[in-house]
Amino acid sequence: DTGVSQNPRHKITKRGQNVTFRCDPISEHNRLYWYRQTLGQGPEFLTYFQNEAQLEKSRLLSDRFSAERPKGSFSTLEIQRTEQGDSAMYLCASSFERYTGELFFGEGSRLTVL
Amino acid sequence: GENVEQHPSTLSVQEGDSAVIKCTYSDSASNYFPWYKQELGKGPQLIIDIRSNVGEKKDQRIAVTLNKTAKHFSLHITETQPEDSAVYFCAALYNFNKFYFGSGTKLNVKP
């Protein structure tokens, strides 16, 4: 399967701990997006990369969140000092810039902060 | 930025009936409008899309229409089946690089 892969699929952590999620995009896709989704809502933009460059970061993203995409391949999203309000599904998606669209999502990483 | 509104939030239909979900967007510069289906515990799956130079697109039982003047687009599902039950999201591509999503429609198809 060559789709977008995310892990872990589920993460339960205590408030104040750090967590890291990994995303492996479709191999030929140069754009990678992170979205957050809470129950009953649509995906909310967090940040996106073109190759290894992080081109935009949502103002909703606090300083506790950081994302990287070394060498333009996989990406990681780290949340430091987690809070209960961080509980959500974190979705990764990728696309191939040339076609300006066709965003493909992974299955998501669900975070529960106790 | 872009603002995408979607309605209804829930829709219940009898198997075999049609379902229509509507979205509006705010920025006339948005030029690509995909629709996603999300099943419980899974990521959104692209089911159909339309670009701003096209007014309608059809793929078997699903179709999407776009009215650029009014800035709205709709998803039409005909001959609904129980397996169509899911949450559907519309989205708009803004500035060629960022997608904005509607809040979702939970479709329930009753057998």
Side-chain angles (χ1 to χ4, degrees), chain A residues 1 3-10 21 23-26 29-51 53-61 88-110 112, chain B residues 1-11 21 23-25 27 29-54 57 59 64 66 73 75 86-107:
Chain A
D1 182 29
V4 178
S5 176
Q6 291 187 247
N7 63 82
R9 293 290 313 280
H10 304 276
F21 300 115
C23 172
D24 288 273
I26 294 171
H29 285 185
N30 60 347
R31 285 192 173 178
L32 186 148
Y33 296 78
W34 284 100
Y35 282 83
R36 178 170 61 192
Q37 186 178 29
T38 53
L39 199 62
Q41 298 298 316
E44 178 184 43
F45 172 79
L46 294 179
T47 188
Y48 93 98
F49 294 83
Q50 183 161 307
N51 300 313
Q54 187 174 17
L55 297 187
E56 190 167 346
K57 190 174 172 181
S58 169
R59 279 173 280 181
L60 301 173
L61 216 57
M89 174 79 87
Y90 290 86
L91 293 165
C92 176
S94 69
S95 71
F96 186 39
E97 180 195 358
R98 177 178 296 180
Y99 297 108
T100 318
E102 296 182 337
L103 192 65
F104 294 92
F105 282 90
E107 298 286 32
S109 292
R110 179 167 294 284
T112 301
Chain B
E2 175 62 276
N3 181 44
V4 178
E5 296 190 354
Q6 180 174 349
H7 57 96
S9 56
T10 59
L11 180 59
I21 303 170
C23 288
T24 61
Y25 60 99
D27 198 307
S30 292
N31 64 350
Y32 171 67
F33 307 93
W35 285 88
Y36 288 85
K37 176 183 181 182
Q38 187 173 29
E39 297 176 337
L40 198 62
K42 296 188 176 182
Q45 180 185 13
L46 179 68
I47 56 171
I48 195 167
D49 56 15
I50 191 167
R51 299 189 185 274
S52 58
N53 60 345
V54 175
K57 183 177 178 181
D59 182 5
V64 57
L66 171 65
F73 55 114
L75 177 71
V87 179
Y88 292 81
F89 293 98
C90 62
L93 178 61
Y94 172 72
N95 202 28
F96 296 97
N97 58 25
K98 195 191 305 185
F99 289 84
Y100 287 87
F101 286 81
S103 55
T105 296
K106 184 175 182 180
L107 174 64

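Just so we're on the same page: letters track the sequence lines, and every chain starts at 1. All of these numbers come straight from a predicted model, not from anything done at the bench.
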The interface call for A:R9 against chain B, heavy-atom contacts under 4.5 Å, is side chain
Notebook entry, point to check: Are side-chain heavy atoms of B:Y32 and A:E102 found at a separation under 4.5 Å?
Noted result: yes
CZ of A:F105 to NZ of B:K42, rounded to nearest 0.5 Å, is 16.0 Å
The interface call for B:Q38 against chain A, heavy-atom contacts under 4.5 Å, is side chain
Interatomic distance, OH@B:Y94 vs CZ@A:F45, rounded to 0.5 Å, equals 12.0 Å
**Study point:** Centroid-centroid distance, B:F99 to A:Y35, less than 6.0 Å
**Key:** no
Under 4.5 Å to a heavy atom of chain B? For A:Q50 that would be neither
Does some side-chain heavy atom of A:L103 sit less than 4.5 Å from a side-chain heavy atom of B:P34?
no
inquiry  = For B:K98, is the NZ atom crowded, meaning more than 12 foreign heavy atoms sit under 6.0 Å from it?
reply    = yes
Q | Within 6.0 Å of CD in A:E56, more than 12 heavy atoms from elsewhere | A | yes
Distance col, row A:S95:OG vs B:L46:CG, nearest 0.5 angstrom, shows 11.5 Å
Is A:E107 reaching over with its side chain to a backbone N or O of B:G43, donor-acceptor style, under 3.5 angstrom?
yes
So, the part of A:Q37 with a heavy atom under 4.5 Å from chain B: the answer is side chain
For A:Y33 and B:N97 the tightest heavy-atom approach is OH-O, 2.6 Å
Minimal heavy-atom distance between B:F89 and A:G42, with the atoms involved, is CE2-CA, 3.2 Å
